[in-house]
> 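Here it is, the structure in full.
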Amino acid sequence: MSRPDPTAVWPEPPSIVAARAEIAMRLSWMTSVLGMVLFAVDRFIGMPVTADSMMTLVLAVMGALAWVLLKVRRYNSVAWLLVVFLFGMAAASTWFFGSVRTINIVLILMGLVAAGIFLSRRGLLWTTAAAVALLGLLTWADAAGLLAGQPRFAVSWRNWLSQSASLVGVAAMMSLNRTQVRLAQELHLQEATQRLRAQLDRDLGQGRFSRLFRTSPTPIFVQSMRNGAILDVNLAFERALGYTRQEVLSRRDGFLWLHDEAYAAFSQDRRAHRRTGWHSITGVGRNGQQVPLQICSERDDDADDGLRITVLRVPGHTTSAMPTVYAPLEGGQGA
């Protein structure tokens, strides 16, 4: 009987997990190599082969096992392996060193950091309880004189190396977490923008509204209510401020205005009301020139995928109406 293909057993993870797994596999074999190098250095400088000095070899084994589990896509198992190994190494080091004041006790903290990054909230709670209990047990054993070793508090370059390795390990886990959060935010923003653009295309796909928006002599731009990104502008907007449509899409509108008291008053009105009055503000064109404008903004009632329609008036250019996609904006309102 042929062995099953692992790719048929474990479904392809989403892109964020795949990206995390690729980085984690690289860190795993680097950890394994680091452990082997430290073990070889200890033997080279003639350090006695004690149980405490064997921790570097255990570190190498942990890295190798993590790489294997990542290879077969056992992502949750890797997280628990990391926590268990770090807690176990801290406990064993304390036992053989003879005191909870061993530098390797920091491995408990590293295990808790790993749990917070890679495990669920329930897993983090269980891990925190286990860490507190383990630290209490080791402290009691130290106070009662039950630990096996006799503490040696001589300091050498190896102490610096151990502490540096711990710091690098925490930094690597935090970097992995930052990558995961950034990818999740990018995916969320991409999905939200695509959904809102689909809604906008649906609204503008109706011939009457599409012609009204594209050919209106009034500068108009459309934004997402979720993240403030500009989803579309018309030709009149391009002529008024000099920006092309592609230059402003997916950007927030803050770069378009001079941030003075008039803009602050408009921003407050926009946050507080579904529909603002007309405000006099100063626009900043593509080449940096200041353009005196009047601005009015209106949002729809969709709390999840809402749109905001903003209309501009350039003094000296009169139009009979100031329409939006949803409803005409009445002219002549004061700020």
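Heads up: numbering here begins at 1 and tracks the sequence.
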> One pair to check against side chain to side chain contact (heavy atoms under 4.5 Å, CB included): Ile309 and Ile220. What are the steps and the verdict?
CA-CA 7 Å; Ile309 312 299; Ile220 306 172; 3.8 Å; yes

> Taking the side chain as every heavy atom from C-beta outward, state whether Asp269 and His279 have any pair of such atoms under 4.5 Å apart.
yes

> Is any side-chain heavy atom of Trp257 closer than 4.5 Å to one of Val284?
no

> Measure from the side-chain N and O atoms of Gln268 to the backbone N and O of Ala265, and report whether any donor-acceptor pair falls under 3.5 Å.
no

> Answer yes or no on whether Arg251 is positioned over the face of Phe255, meaning its NZ or CZ is under 6.0 Å from the six-membered ring centre and within 45° of the axis.
yes

> With the 4.5 Å side-chain cut-off for hydrophobic clustering, are Leu69 and Val33 part of the same group?
yes

> Write down the atom of Ser280, the atom of Ala262, and the distance for their closest heavy-atom approach.
O-CB, 3.3 Å

> Is a donor from one side chain sitting under 3.5 angstrom from an acceptor on the other, for Gln294 and Arg313?
yes

> With a 4.5 Å limit on heavy-atom distance, are the side chains of Val311 and Ile295 in contact?
no

> Would Leu82 and Met62 satisfy side chain to side chain contact (heavy atoms under 4.5 Å, CB included), going step by step from the backbone distance to the final call?
CA-CA 7 Å; Leu82 186 61; Met62 181 190 71; 3.9 Å; yes

> To the nearest 0.5 Å, what is the distance between CG (Leu146) and CG (Leu137)?
9.5 Å

> If the threshold is 4.0 Å, N to carboxylate O, is there a salt bridge linking Arg308 and Glu298?
no

> Give the C-alpha distance, both sets of side-chain angles, the deciding distance and a yes or no for salt bridge (charged side-chain N to carboxylate O under 4.0 Å, His left out) between Glu238 and Arg245.
CA-CA 7 Å; Glu238 296 182 29; Arg245 181 173 180 271; 5.9 Å; no

> Would you say Arg274 has more than 12 foreign heavy atoms packed within less than 6.0 Å of its CZ?
yes

> Could you state the interatomic distance from OH (Tyr263) to CD1 (Ile281), rounded to the nearest 0.5 Å?
7.5 Å

> Is Thr276 reaching over with its side chain to a backbone N or O of Ser297, donor-acceptor style, under 3.5 angstrom?
yes

> Under 4.5 Å between side-chain heavy atoms, counting indirect links through other Ile/Leu/Val/Met/Phe/Trp/Tyr residues: same cluster for Leu124 and Trp80 or not?
no

> Which heavy-atom pair separates Ala240 from Pro219 by the least distance, and what is that distance?
CB-CG, 3.9 Å

> Do the side chains of Thr127 and Phe87 get nearer than 4.5 Å, heavy atoms only?
yes

> Please say yes or no: joined through hydrophobic side-chain contacts below 4.5 Å, possibly via intermediate residues, are Leu112 and Ile108 part of one cluster?
no

> Would you say the side-chain atoms of Arg299 pair up with the backbone N or O of His273, donor to acceptor, closer than 3.5 Å?
yes

> Hey, does Phe237 have a side-chain heavy atom less than 4.5 Å from the side chain of Thr218?
no

> Do the side chains of Trp140 and Leu135 get nearer than 4.5 Å, heavy atoms only?
no

> If the test is side-chain contact (heavy atoms from CB on, under 4.5 Å), which one of Val248, Val314, Val291 qualifies with Leu241?
Val291

> Between Ser216 and Asn234, what is the shortest heavy-atom contact and its length?
O-ND2, 3.7 Å

> Hey, are Asp232 and Arg214 close enough for a salt bridge, meaning a charged N less than 4.0 Å from a carboxylate O?
yes

> Would a distance-only check, ignoring hydrogens and angles, find a side-chain to backbone donor-acceptor pair under 3.5 Å from Arg252 to Asn227?
yes

> Is the closest basic N to carboxylate O distance between Asp300 and Arg275 below 4.0 Å?
no

> Under 4.5 Å between side-chain heavy atoms, hopping through other hydrophobics if needed: is there a path connecting Trp126 to Val132?
no

> With Tyr243, which of Ile230, Val233, Leu256, Leu249 fulfils side-chain contact (heavy atoms from CB on, under 4.5 Å)?
Leu256

> Would a 4.5 Å heavy-atom cut-off, applied to side chains only, mark Asp253 and Gln223 as touching?
yes

> Side-chain heavy atoms nearer than 4.5 Å, only ILVMFWY residues, links allowed to pass through others: does that put Leu293 and Phe266 together?
yes

> Measuring only between side-chain heavy atoms, which start at C-beta, is Leu81 closer than 4.5 Å to Leu65?
yes

